[in-house]
K.L.:
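Sharing a structure with you now.
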Amino acid sequence: MVVYTVTGNVGEAGYLDIANSGDITGKNIYVNMTNRCPCSCVFCLRQTKKMMEGNSLWLKGGEPSVENVLGIFAKYDLSVINELVFCGYGEPLERLHDVCKVIDELKTKYPKLKIRLNTNGLANLIHGEDITPQLEGRFDTVSISMNAPTAEEFLELTRSRFGIKSFDALKEFAALAKFHVPNVIMTVVEKVMPEEKIEQCRKICNELGVTLRVRPFES
Ligand code: SF4
């Protein structure tokens, strides 16, 4: 499933292909263009056998081309939606150039389209350079999964292939993204993280000048 809406609790039952989503007026539309990711988070179902066999967000036919994605959007009027969100079970910026191509094409038709990126914040490590200038004019919001208040805990949870430097890279990504994107937020999940650690995360976000959003826990 490449383009979808989410209903009720986030989870398998809550994902609806855009073709089965009915009236999309006022809804958030999600785009899933890759399952690749440099992390292997302990809470992510991405690599499990069950996910590969049964989950609708696993791209069984491989990654869709830019043309495929635009072909799906061509059937809908995106001027009525709330927000377009690049996320998916994978890191969207693994396909930075293709994501940019899709956005540029959509923006020619819908210049006011609101676009958000949900990311692990490691794109500068993935690409070996500062890619945040490429977010400018394309994304209105960048939402980064912070996951933990320290480099050690972050690595323990995400098992990032970039190792211990990942957390500092994430923080730097957030700080750099602020120069190019109006809203940069970091997220943690309530209940999963004790209150004192959430406070530590809040302090880091304040120092970086970005907003911390505590997402509700969904079982
Ligand atoms: S960063 Fe996201 S997609 Fe990647 S392993 Fe973690 S939860 Fe899964």
Side-chain angles (χ1 to χ4, degrees), residues 1-4 6 9-12 14-15 28 30-64 69 84-96 98-99 115-128 131-132 135 139 141-174 177 184-193 197-198 201 204-205 210 212-219:
M1 197 156 63
V2 178
V3 181
Y4 61 100
V6 177
N9 279 348
V10 175
E12 174 62 12
Y15 301 130
N28 285 355
Y30 296 83
V31 195
N32 169 34
M33 284 176 58
T34 185
N35 291 141
R36 282 182 279 155
C37 183
C39 298
S40 174
C41 296
V42 294
F43 48 79
C44 183
L45 296 174
R46 202 169 54 96
Q47 303 90 334
T48 64
K49 195 160 175 281
K50 182 168 168 267
M51 168 65 100
M52 290 192 187
E53 284 169 356
N55 191 287
S56 53
L57 290 182
W58 190 256
L59 298 166
K60 293 188 200 72
E63 294 181 344
V69 178
L84 188 65
V85 186
F86 284 79
C87 61
Y89 274 135
E91 167 51 44
L93 295 186
E94 283 275 359
R95 294 188 66 187
L96 172 68
D98 289 341
V99 164
I115 305 184
R116 170 167 37 118
L117 169 68
N118 286 354
T119 179
N120 60 22
L122 302 181
N124 288 352
L125 291 178
I126 293 171
H127 296 281
I131 63 88
T132 56
L135 307 178
F139 291 99
T141 303
V142 169
S143 175
I144 304 164
S145 300
M146 190 173 183
N147 288 313
T150 67
E152 290 73 18
E153 286 169 88
F154 181 83
L155 184 58
E156 206 172 296
L157 279 174
T158 63
R159 301 182 288 191
S160 163
R161 73 175 156 88
F162 298 113
I164 199 69
K165 65 184 177 187
S166 300
F167 191 63
D168 279 348
L170 169 148
K171 289 191 289 181
E172 187 185 54
F173 180 83
V184 178
I185 56 177
M186 304 256 247
T187 66
V188 294
V189 180
E190 72 171 0
K191 294 185 187 159
V192 172
M193 189 184 275
K197 287 196 181 178
I198 292 180
C201 291
I204 292 169
C205 287
V210 302
L212 180 74
R213 182 170 162 246
V214 183
R215 293 191 286 128
F217 174 75
E218 285 144 351
S219 54

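Just so you know, ligand 1 is whichever comes first in the structure, and atom 1 is the first atom listed for that ligand.
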K.L.:
Using a cut-off of strictly less than 2.8 Å, determine whether Cys44 has an N/O/S atom near atom 8 (Fe) of ligand 1.
P.N.:
yes
K.L.:
Identify, with sequence neighbours excluded, every residue that meets ring-ring contact (aromatic ring centres under 6.0 Å, His included) alongside Tyr30.
P.N.:
Tyr4
K.L.:
List every atom of ligand 1 that sits less than 4.0 Å from any heavy atom of Phe43, numbering the atoms from 1 in the order shown and giving each element.
P.N.:
7 (S)
K.L.:
Under 4.0 Å, heavy atoms only, figure out whether ligand 1 is touched by the backbone of Cys37, its side chain, both or neither.
P.N.:
side chain
K.L.:
For residues Val210 and Ala174, report the shortest heavy-atom separation together with the two atoms involved.
P.N.:
CG1-O, 4.2 Å
K.L.:
Between the side chains of Asp168 and Lys171, is the shortest nitrogen-to-carboxylate-oxygen separation below 4.0 Å, so that they form an ion pair?
P.N.:
yes
K.L.:
Considering the heavy atoms of Gly90, write down every atom of ligand 1 situated less than 4.0 Å from one of them.
P.N.:
3 (S)
K.L.:
Is any side-chain heavy atom of Ser145 closer than 4.5 Å to a side-chain heavy atom of Thr187?
P.N.:
yes
K.L.:
Only counting residues at least two apart or in another chain, list the ones meeting side chain to side chain donor-acceptor pair (under 3.5 Å) with Thr34.
P.N.:
Glu63
K.L.:
Under 2.8 Å from atom 6 (Fe) of ligand 1, is there any N, O or S atom belonging to Cys41?
P.N.:
yes
